[in-house]
Each structure stands twice: as C-alpha cells, then as structure tokens.
Enquirer: 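Have a look at the structure that comes next, please.
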Amino acid sequence: MLDTDRPLELSPDQLSEVFQVYREGTEALYPLEALPSNRSLAGETIWVDDLEIHRGDRVIPLEVWATPIFGDRGEVTYAIVAFQDISDRKRQHLEQQMVENTLVKSERRYPQAIQVQTDLILRSLKA
C-alpha cells in the first residue's frame with residue numbers, strides 16, 4: 001500500500017509528501033501537524049478516517065490508529081501507527097447513500113401519484 005518493502009528513515013515532516021498522503025476528497029497534502037503519527041509523537045492517542053494515499057491513478061482511503069509509547073520518565077519514546085484500507089467500506093457507504101436518496105425521491109413522488117389518480121377518479125365520477 002505504501003509502495004515500499006522496507007522501512008524508510010524519514011523525518012515526520014516528510015511523511016505526507018513521500019507517501020502522498022492527502023486529506024480525504026481534496027488535492028491538499030495532509031497537514032503535518034494533523035498526521036496521526038505526528039500527533040501520537042506529541043503524546044496523543046488518535047483515530048482518523050479522513051486521509052487518503054494517492055498512488056498514480058488510484059486513491060486509497062485509510063483508517064488510521066496511532067498511540068504514543070512512553071519511556072520510564074513519561075517521555076514519548078516512539079509511536080505505534082496502524083492503518084487499514086477502507087475502500088470497500090467507503091464504497092458500501094456511497095452505495096447506501098444512493099439507495100437512500102432513491103428511496104426519498106420515490107417517497108416524495110408517491111403522494112403526488114396518489115393525488116393525480118384521485119383527481120382523475122373524481123373528475124370521471126363528475127362526468
């Protein structure tokens with residue numbers, strides 16, 4: 001997913017650019033201070049699902065968990081970061097929204113259809 005088969009020695013300020021990490025739905029690199037790994041290195045436990053990795057013509061949405069690991073004196077010594085491709089979940093969510101939108105449109109048309117039919121019946125009875 002990251003297009004590397006070995007660990008890289010990168011500083012935290014290089015992560016977004018090197019791995020092409022973007023804010024979901026934008027062409028803006030994920031802000032360095034908001035990256036889960038960087039926030040975790042600052043002592044915060046974090047979960048996000050609003051970042052994407054761009055790989056050529058493919059966009060991979062990710063869910064990311066990060067937690068700091070503290071040393072004996074309470075200082076952050078490193079962070080553990082886990083991430084998961086959530087493409088299927090995002091696609092299912094989009095499909096569900098489309099079905100719900102179709103249902104809402106159908107529910108709006110139903111009373112109109114009933115009213116038109118009622119009007120036609122009443123007109124035919126008066127004739």
Side-chain angles (χ1 to χ4, degrees):
M1 194 176 334
L2 294 177
D3 250 5
T4 183
D5 58 355
R6 60 183 173 81
L8 300 173
E9 293 296 323
L10 298 173
S11 65
D13 63 340
Q14 296 174 299
L15 295 174
S16 285
E17 189 173 345
V18 170
F19 291 117
Q20 295 295 291
V21 180
Y22 291 83
R23 178 85 64 187
E24 178 182 36
T26 73
E27 291 299 318
L29 286 174
Y30 208 87
L32 296 174
E33 67 279 357
L35 280 173
S37 55
N38 293 352
R39 289 174 67 180
S40 193
L41 288 170
E44 186 178 353
T45 298
I46 181 92
W47 167 85
V48 299
D49 68 349
D50 68 341
L51 87 168
E52 301 171 335
I53 293 178
H54 292 198
R55 289 281 164 252
D57 63 344
R58 187 166 179 231
V59 174
I60 305 166
L62 296 177
E63 182 172 37
V64 182
W65 300 267
T67 190
I69 302 300
F70 297 96
D72 294 337
R73 288 172 276 184
E75 77 286 1
V76 176
T77 55
Y78 57 94
I80 294 178
V81 181
F83 53 91
Q84 174 179 330
D85 179 341
I86 56 172
S87 297
D88 290 340
R89 182 186 319 159
K90 293 283 184 173
R91 188 172 24 264
Q92 288 171 350
H93 180 66
L94 183 59
E95 289 171 0
Q96 180 180 357
Q97 284 181 323
M98 290 171 56
V99 167
E100 288 173 3
N101 289 341
T102 302
L103 180 60
V104 166
K105 288 177 186 176
S106 177
E107 287 174 343
R108 285 186 195 140
R109 284 193 308 261
Y110 180 73
Q112 293 170 346
I114 295 297
Q115 186 61 48
V116 167
Q117 289 176 359
T118 302
D119 290 346
L120 288 171
I121 292 170
L122 291 175
R123 276 191 226 146
S124 68
L125 291 175
K126 289 180 183 177

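For this chain, numbers begin at 1 and follow the sequence in order.
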Enquirer: Starting from Y22 and following side-chain heavy-atom contacts under 4.5 Å between hydrophobic residues (I, L, V, M, F, W, Y), which residues can be reached?
Expert: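 Its cluster mates, by chain and number, are L29.
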Enquirer: Using the side-chain hydrogen bond (donor to acceptor under 3.5 Å, both in side chains) criterion, which residues pair with E44? Sequence neighbours excluded.
Expert: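 Applying side-chain hydrogen bond (donor to acceptor under 3.5 Å, both in side chains) to E44 gives R39.
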Enquirer: Taking all atoms of both residues into account, what is the closest heavy-atom pair of S40 and V76, and its distance?
Expert: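 Heavy atoms only, the tightest pair is O-CG1, 4.1 Å.
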Enquirer: Testing the basics here: between A66 and S37, what is the closest heavy-atom pair and its distance to 0.1 Å?
Expert: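 Closest approach of A66 to S37, heavy atoms only: CB-N, 4.3 Å.
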Enquirer: Using the salt bridge (Lys or Arg N to Asp or Glu O under 4.0 Å) criterion, which residues pair with E63? Sequence neighbours excluded.
Expert: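 With neighbours one apart ignored, the set is R89.
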Enquirer: Just wondering, do P61 and D49 contact through their side chains at under 4.5 Å, heavy atoms?
Expert: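 No. Closest side-chain heavy atoms not under 4.5 Å.
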Enquirer: Could you pull out all residues at least two apart from R58 that satisfy salt bridge (Lys or Arg N to Asp or Glu O under 4.0 Å)?
Expert: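 Residues passing salt bridge (Lys or Arg N to Asp or Glu O under 4.0 Å) with R58: D85.
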Enquirer: So, R23 and E52, do they make that salt bridge, N to O below 4.0 Å?
Expert: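 So R23 does not pair with E52 through a salt bridge.
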Enquirer: H93: what forms a side-chain contact (heavy atoms from CB on, under 4.5 Å) with it, not counting sequence neighbours?
Expert: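 With neighbours one apart ignored, the set is Q97.
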Enquirer: Quick one: side chain to side chain donor-acceptor pair (under 3.5 Å) pairs with a partner in residues 67-80, sequence neighbours left out?
Expert: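 Listed once each, the pairs are T45-T67.
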Enquirer: Mind listing the closest non-hydrogen atom pair of E17 and Q20 along with its distance?
Expert: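 Between these two residues, the closest heavy atoms are O-NE2, 2.6 Å.
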Enquirer: Look at the side-chain heavy atoms of Ile, Leu, Val, Met, Phe, Trp and Tyr, link any pair under 4.5 Å apart, and say whether L62 and W65 land in one connected group.
Expert: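 Shared cluster, no.
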Enquirer: Spell out, as yes or no, whether a donor-acceptor pair under 3.5 Å connects the side chain of S106 to the backbone of T102.
Expert: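 Judged by distance alone, no pair lies under 3.5 Å.
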Enquirer: Quick one: side-chain hydrogen bond (donor to acceptor under 3.5 Å, both in side chains) partners of Q96, sequence neighbours excluded?
Expert: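 Counting only residues at least two positions away or on another chain, Q96 forms a side-chain hydrogen bond (donor to acceptor under 3.5 Å, both in side chains) with E100.
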Enquirer: Measuring from R55:CZ to F19:CZ, what's the distance to the nearest 0.5 Å?
Expert: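 Nearest 0.5 Å value for the CZ-CZ distance: 7.5 Å.
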Enquirer: Is there a path of hydrophobic side-chain contacts, each under 4.5 Å between heavy atoms of I/L/V/M/F/W/Y residues, joining L32 to V18?
Expert: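 Yes, one cluster joins them.
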Enquirer: According to side-chain contact (heavy atoms from CB on, under 4.5 Å), who are the partners of D119, at least two apart in sequence or on a separate chain?
Expert: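 Per chain and number, D119 pairs via side-chain contact (heavy atoms from CB on, under 4.5 Å) with Q115, R123.
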Enquirer: Sequence neighbours left out, what passes side-chain contact (heavy atoms from CB on, under 4.5 Å) with E33? Give chain and number order.
Expert: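 Applying side-chain contact (heavy atoms from CB on, under 4.5 Å) to E33 gives P31.
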Enquirer: If you round to the nearest 0.5 Å, how far is CD1 of I60 from NZ of K90?
Expert: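 Answer rounded to 0.5 Å: 14.0 Å.
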Enquirer: For V48, give me all partners under side-chain contact (heavy atoms from CB on, under 4.5 Å), at least two apart in sequence or on another chain.
Expert: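 For V48, the residues satisfying side-chain contact (heavy atoms from CB on, under 4.5 Å) (neighbours in sequence not counted) are Y30, P36, I46, D50, L51, V64.
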Enquirer: Tell me, please, which residues at least two apart from D88 pass salt bridge (Lys or Arg N to Asp or Glu O under 4.0 Å).
Expert: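 For D88, the residues satisfying salt bridge (Lys or Arg N to Asp or Glu O under 4.0 Å) (neighbours in sequence not counted) are R91.
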